[in-house]
Amino acid sequence: MVVAPSRNVMVVVDPTPQSAAALQYALSHALVQRDKLILLHIENPISWKSTISTFLRRPSLSSPTSPNSIPEGASDTDTDFLDQMKRSCEIAQPKIDVRVEKTDMDGRDKANIILSKSKALGIDLIIIGQKRSLSSAILG
């Protein structure tokens with residue numbers, strides 16, 4: 001019996017529907033039993049979204065020792081969606097090794113970060129979600 005070698009498959013993830021669709025594709029079509037799945041999240045600390053969300057954040061009414069409380073300066077959205085994605089992967093494909101990698105943009109463009117990370121981690125397959133407009137989806 002011939003056993004296929006394991007592969008390193010990377011899915012670039014963020015809290016968007018396109019990223020969720022890319023992950024779903026990877027789980028249902030791209031991964032086989034011995035593969036390793038790496039969820040890559042590229043953080044942009046100077047993003048206007050994080051600036052606005054920090055500005056609009058209101059103090060919590062719960063006590064500081066509450067298990068759901070978030071330390072000052074920490075972002076719960078990043079850890080929440082990454083944890084949820086990792087758990088979903090482990091449920092859908094329990095025999096697949098799932099790892100989360102986070103990196104900052106540090107003034108570089110996203111494509112170069114993805115390529116350099118994939119070289120460093122020995123990635124065999126990269127899956128990235130794509131945002132499509134209705135007209136391009138219809139016209140192909």
Side-chain angles (χ1 to χ4, degrees):
M1 179 169 82
V2 178
V3 177
S6 64
R7 300 174 303 159
N8 292 328
V9 177
M10 176 189 287
V11 178
V12 180
V13 296
D14 53 26
T16 63
Q18 294 81 19
S19 180
L23 183 58
Q24 181 62 41
Y25 175 83
L27 290 170
S28 60
H29 298 324
L31 292 165
V32 293
Q33 193 171 22
R34 297 180 55 220
D35 289 346
K36 179 187 286 183
L37 176 62
I38 295 123
L39 305 176
L40 175 67
H41 176 59
I42 302 170
E43 298 174 340
N44 186 1
I46 347 178
S47 164
W48 64 270
K49 289 180 182 178
S50 64
T51 305
I52 291 173
S53 67
T54 303
F55 177 75
L56 295 177
R57 186 175 294 148
R58 295 179 184 210
S60 174
L61 297 176
S62 64
S63 69
T65 58
S66 161
N68 293 331
S69 67
I70 299 157
E72 177 121 1
S75 171
D76 67 330
T77 54
D78 286 350
T79 55
D80 282 350
F81 90 87
L82 286 170
D83 287 343
Q84 289 175 358
M85 284 185 158
K86 184 176 181 185
R87 273 186 263 127
S88 297
C89 294
E90 291 167 345
I91 291 168
Q93 296 273 356
K95 294 184 179 183
I96 299 239
D97 182 25
V98 181
R99 213 171 84 199
V100 174
E101 289 280 328
K102 288 191 213 177
T103 189
D104 289 329
M105 289 197 64
D106 295 328
R108 300 178 294 167
D109 78 333
K110 207 171 185 176
N112 283 332
I113 294 170
I114 293 168
L115 289 175
S116 66
K117 247 336 190 178
S118 68
K119 285 180 186 175
L121 297 172
I123 300 300
D124 299 302
L125 176 64
I126 301 172
I127 301 173
I128 303 172
Q130 178 181 0
K131 188 172 187 175
R132 293 181 132 190
S133 67
L134 181 60
S135 60
S136 67
I138 293 171
L139 298 176

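Every heavy atom of this structure was used, including side-chain atoms; hydrogens, water molecules and symmetry mates were not.
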- Query: What distance do L82 atom CG and R87 atom CZ have between them, rounded to the nearest 0.5 Å?
  - Reply: 10.5 Å

- Taking every heavy atom of A22 against every heavy atom of G129, the minimum-distance pair comes out as CB-N, 3.5 Å

- Query: Under 3.5 Å, is there a donor-acceptor pair between the side chain of S19 and the main chain of P15?
  - Reply: no

- Query: Roughly how far apart are D97 CG and L31 CG, rounded to 0.5 Å?
  - Reply: 11.0 Å

- Message: Listing request: all ring pair (Phe, Tyr, Trp, His ring centres under 6.0 Å) pairs with a residue in residues 3-36, at least two apart in sequence or in separate chains.
- Response: Y25-H29

- Item | Over 12 non-hydrogen atoms of neighbours within 6.0 angstrom of CD in Q33 | no

- For residues 14-36, which residue pairs qualify under salt bridge (charged side-chain N to carboxylate O under 4.0 Å, His left out), counting only residues two or more places apart or in two chains? R7-D35, D14-K110

Would you list the atom pairs, donor with acceptor, under 3.5 Å between side chains in residues 116-128 and any protein atom, with sequence neighbours excluded?
| unit_1 | atom_1 | unit_2 | atom_2 | d |
| --- | --- | --- | --- | --- |
| S116 | OG | N112 | O | 3.1 |
| S116 | OG | I113 | O | 3.1 |
| K117 | NZ | E101 | OE1 | 3.2 |
| S118 | OG | I114 | O | 3.3 |
| S118 | OG | L115 | O | 2.8 |
| D124 | OD2 | N8 | N | 2.9 |

- Item | Separation between SG of C89 and CD of Q84, rounded to the nearest 0.5 Å | 12.0 Å

- Applying side-chain contact (heavy atoms from CB on, under 4.5 Å), run through L37 and L23 and close with a yes or a no. CA-CA 10 Å; L37 176 62; L23 183 58; 4.1 Å; yes

- Query: Q93 side chain to L27 main-chain N or O, any donor-acceptor pair under 3.5 Å?
  - Reply: yes

- Between atom CD of Q18 and atom NZ of K131, what is the distance when rounded to the nearest 0.5 Å? 6.0 Å

